[in-house]
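The structure under discussion appears below in the form of structure tokens.
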2 protein chains.
Amino acid sequence: MSVGIRDVARVAGVSTATVSRALGRGPVSDAVREQVEAAVRATGYRPNLSARRLRSKAAQTIGLIVADIRNPFFTAVSRAVEDAAYAAGMRVILCNTDEDPAREAMYLRLMEEERVTGVIFAPTKVTADGLRADSLSFPTVFIDRSGLPGAHDSVVLDNAAAAASLVDHLVAQGFKRIGGLFGSTSSTARERQAGYAAAMARYDLAPLARSVAPNAAAAETEATRWLSQPDRPEALILSNGLMLMGAVRATRTLGLAVPKDLALAGFDNEPWTDLVEPGLTVIEQPVAEIGAQAMRLLFERIEHPGQPVRKVTLSGRAVLRSSTRRGGGLVIQCPLARYPAFALPLRPTLGFLPRSLG
Amino acid sequence: MSVGIRDVARVAGVSTATVSRALGRGPVSDAVREQVEAAVRATGYRPNLSARRLRSKAAQTIGLIVADIRNPFFTAVSRAVEDAAYAAGMRVILCNTDEDPAREAMYLRLMEEERVTGVIFAPTKVTADGLRADSLSFPTVFIDRSGLPGAHDSVVLDNAAAAASLVDHLVAQGFKRIGGLFGSTSSTARERQAGYAAAMARYDLAPLARSVAPNAAAAETEATRWLSQPDRPEALILSNGLMLMGAVRATRTLGLAVPKDLALAGFDNEPWTDLVEPGLTVIEQPVAEIGAQAMRLLFERIEHPGQPVRKVTLSGRAVLRSSTRRGGGLVIQCPLARYPAFALPLRPTLGFLPRSLG
DNA sequence: CTGAAAGCGCTTACAG
DNA sequence: CTGAAAGCGCTTACAG
């Protein structure tokens, strides 16, 4: 049947232990290594990874648990995670939770049964808050969202600052009735909401915040309802890219002109946000960097299990486009620039450098 | 250390064989099953899947090999695959090849070493053409692309018909100089190109086809060059969603009005295609259906290894929007309709039903 | 329905 | 540098 290491050993005229060493980084003579490689080729041998994992207790597997791979933010992050994983000789098991704590529990359990090397996880707030430092039997790095302070390594955006910078910008443009529609399930959405509220308070403006499930359909429904009211806001901030798309659809349905009737700003600089008319002001997240940093943290945690918990906070970059331009009406199309950003003083200089690491 | 099946057996007062049966679907008395379950809870036992796989020779793992998960088509398909896999108690190992045959070979080899239950694969043309029916040691279903006729199960779009329907529509709108920019690496792109050429021939029109790497950047570069020429086409068909986005960017850069200066049509009904101005005419693919059908074919192949090779061909649906409206200039925005499609007789009635299955 | 024993295919001390 | 032997943690005939 299937050729095993014993067949290779027989053909090469050595022991299975030697074959194993020749295939790994064990000490073997060059002559023997060549014999073994020839035997592998002759027999078409493929090592059985389940056996290898069982014996060596090294799964060489990373678990990646996200809300939904179809969210472009997670798509991009997961691609970065996979690149780093395969470069390190690891495989990736991908799981979608749909923001459902029951599914999160199921997948965490699967990770235990797989004896994974480590996990990268974007948990719901409910799950994150229930996970103490010793709850998980494998190294874990949270991405996009954080849990109990000091409990787990994490890579997150400076959400409060990013949301505040959007408020700063809108206020500078002269908007006052600035609403915010935030996701209801993640710590990230909460932080963005808090940053929004704090910034509004700084300007003595009343916060107008609502929260819904963080997807396009829910945001569209809620935005349509909200914007139909006579006292609707004159600007709206959305807490992620899916919700921003839902809000755009709502404005189209209601026939609202952006930014004349309603200014729009959000998160995630997805390719379509500068293709729609008007272009949308967004906070760009360093998605590839988030994935890469998460893998770095994970590998370092695996090497030094006892080291202090670390939280890497990355800054977003405000990409200013016409959707937040005061006055509206005269929307200038800037076909030549990829980012037809109009210059504006944005208070904190936002970049992609880690702002804290400790 | 880690608790194993022996610990559970000891606590439950039974043999490890009985624990194994109680946890599986083996025949055990209700009393024993309850004892075992209590022992599992008491010990926090988690079965070691590597050991289980090694012994039972059932990996319960599906390999999913696609060009790039960031291509929304693959994102959607992969989500469907994962849902079906986890529903069947299987895990998914995800691999991105970037259309690189060397990476494809590497991942196929990985699948052998994992002894996967089956693989769902979107191969490049080079790799697909080199894979005979007996080349792979595991059940495989091709998606989006097919290989040698009769060699592998596959789920594909009726690409030629879909491309032809785009030509039919453009011709009906009065366009004559209809160009086509197609991907260079997949059988799918070739079929779309062939369907385009055949349709053009039916109308006695000269085909104007070019091909590039199937990504946004390459398409933008080539489209910019092509559309800068004095004899540029008056309509352009793009062979996937990424390339369509690249073409839109090219028209913006060149200041071309769509559809007045250039009509645009493509594949993949991504959410942004009806958010840009003008809305883009596209062939919508039944993405979830493709993923689900692929899993169905895979499971059936696993159950009946000897059955004849099957090819499921699904039809696309033409979504007509303003980007292909003759005359241009007066582009009417239709904010209320999700699909502001203008009515048009589209020759074949395209739906999502399997057109062939055998 | 239950248990004792063998063994899945590897790697890893342990000797030499 | 190399080999003989043990064993990773399960499941599965084989008996009873």
Side-chain angles (χ1 to χ4, degrees), chain A residues 1-37 39-40 43-61 89 91 109-117 137, chain B residues 1-37 39-40 43-61 89 91 109-117 137:
Chain A
M1 288 297 305
S2 176
V3 17
I5 199 170
R6 300 184 52 163
D7 303 291
V8 178
R10 194 183 314 116
V11 171
V14 297
S15 71
T16 59
T18 297
V19 173
S20 178
R21 289 192 200 97
L23 262 30
R25 68 259 142 59
V28 275
S29 68
D30 288 353
V32 166
R33 169 160 282 127
E34 275 171 37
Q35 274 169 221
V36 170
E37 282 168 1
V40 165
T43 56
Y45 170 69
R46 290 285 179 270
N48 181 319
L49 293 184
S50 291
R52 181 176 282 176
R53 288 187 181 114
L54 173 60
R55 181 54 236 244
S56 68
K57 296 182 175 301
Q60 303 283 75
T61 302
R91 295 140 240 352
R109 183 185 166 135
L110 172 63
M111 295 304 135
E112 291 187 334
E113 300 187 348
E114 293 280 359
R115 305 292 195 268
V116 292
T117 311
S137 62
Chain B
M1 288 297 305
S2 176
V3 17
I5 198 170
R6 300 183 53 162
D7 304 290
V8 178
R10 193 182 316 118
V11 171
V14 296
S15 71
T16 59
T18 296
V19 174
S20 179
R21 289 193 199 97
L23 263 29
R25 68 258 141 57
V28 276
S29 70
D30 289 352
V32 166
R33 169 159 281 125
E34 275 170 37
Q35 273 170 221
V36 170
E37 282 167 0
V40 165
T43 56
Y45 170 70
R46 292 284 180 268
N48 181 319
L49 294 185
S50 290
R52 181 176 283 176
R53 288 186 182 116
L54 173 60
R55 181 56 234 244
S56 68
K57 295 182 177 301
Q60 304 281 78
T61 301
R91 295 137 240 355
R109 183 185 165 136
L110 172 63
M111 295 303 136
E112 291 187 335
E113 299 187 349
E114 292 281 359
R115 305 291 193 270
V116 292
T117 311
S137 62

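Model, not experiment: these values are computed from the prediction. Within every chain, numbering begins at 1; the chains are lettered A, B, ... in the order of the sequence lines, protein sequences first and strands thereafter.
Heavy atoms only, all atoms of each residue included: A12(B) and V36(B) are closest at CB-CA, 4.1 Å. Considering every non-hydrogen atom in both L23(B) and Y45(B), the closest pair reads CD2-CE2, 3.6 Å. When all heavy atoms of V116(B) and A59(B) are compared, the pair lying nearest together is CA-CB, 4.1 Å. Closest of all the heavy-atom pairs between R115(A) and S2(B) is NH2-OG, 4.1 Å. For the residue pair V11(B) and A39(B), the shortest heavy atom distance occurs at CG1-CB, 3.7 Å. Of all the heavy atoms in V14(A) and V19(A), the pair that sits closest is CG2-CG2, 3.8 Å.
One can place OH of Y45(B) at 10 Å from P of dG9(D), the figure rounded to the nearest angstrom. Rounded to whole Å, atom P of dG9(C) lies 16 Å from atom CD of E114(B). Protein atom CD1 of I5(B) is 11 Å distant from nucleotide atom P of dT12(D), rounded to whole Å. For L54(A) and dG9(D), the CG to C1' distance is 5 Å, given to the nearest whole Å. Atom CZ in R10(A) sits about 15 Å away from atom P in dG3(D), given to the nearest Å. In this structure, L49(A) atom CG and dG9(C) atom C1' are separated by 11 Å, rounded to whole Å. Spacing between atom CD of Q60(B) and atom P of dC10(D) amounts to 16 Å, rounded to whole angstrom units. Protein atom CG of D30(A) is 15 Å distant from nucleotide atom C1' of dT2(D), rounded to whole Å.
Between S50(A) and the phosphate of dC10(C), there is no side-chain N or O to OP1/OP2 separation shorter than 4.0 Å. The side chain of S56(B) contributes no N or O atom lying less than 4.0 Å from OP1 or OP2 of dT12(D).
In the region residues 16-25 of chain A, proximity to DNA chain D at under 4.0 angstrom, judged on heavy atoms, holds for A17(A), T18(A), R21(A).
Residues forming a side-chain hydrogen bond (donor to acceptor under 3.5 Å, both in side chains) with R91(A) (at least two apart in sequence, or on another chain): E114(B). Legend: residues meeting side-chain hydrogen bond (donor to acceptor under 3.5 Å, both in side chains) with S50(A), ordered by chain and number and at least two apart, are absent. Residues that satisfy the salt bridge (Lys or Arg N to Asp or Glu O under 4.0 Å) test with R6(A), not counting sequence neighbours, are absent from this structure.
Both key distances under 3.5 Å define a Watson-Crick or G-U pair, and stretches of 3 or more such consecutive pairs in DNA chain D run C:1-3 with D:14-16, C:5-12 with D:5-12, C:14-16 with D:1-3.
Closest to the side chain of A51(B), from the set dC10(D), dT2(D), dC10(C), is dC10(D). Counting only heavy atoms from C-beta on, R115(A) has its side chain closest to dC10(D) among dC1(C), dT2(D), dC10(D). Proximity note for R52(B) (side chain, C-beta onward) versus dT2(D), dC10(D), dT2(C): the nearest is dC10(D). Distances from the side chain of K57(B) to the nucleotides dG9(C), dG3(C), dC8(D) place dG9(C) closest. Here the nucleotide nearest the side chain of R55(B), chosen from dT12(D), dC10(C), dT2(D), is dT12(D).
Contacts classified as side chain to side chain donor-acceptor pair (under 3.5 Å) and involving residues 22-36 of chain B (residues at least two apart or in different chains) are not found.
Using a 4.0 Å heavy-atom criterion, one finds that R46(A) contacts the sugar-phosphate atoms exclusively.
Using C1' as the reference atom, dT12(D) and dG16(D) are 16 Å apart when rounded to the nearest Å.
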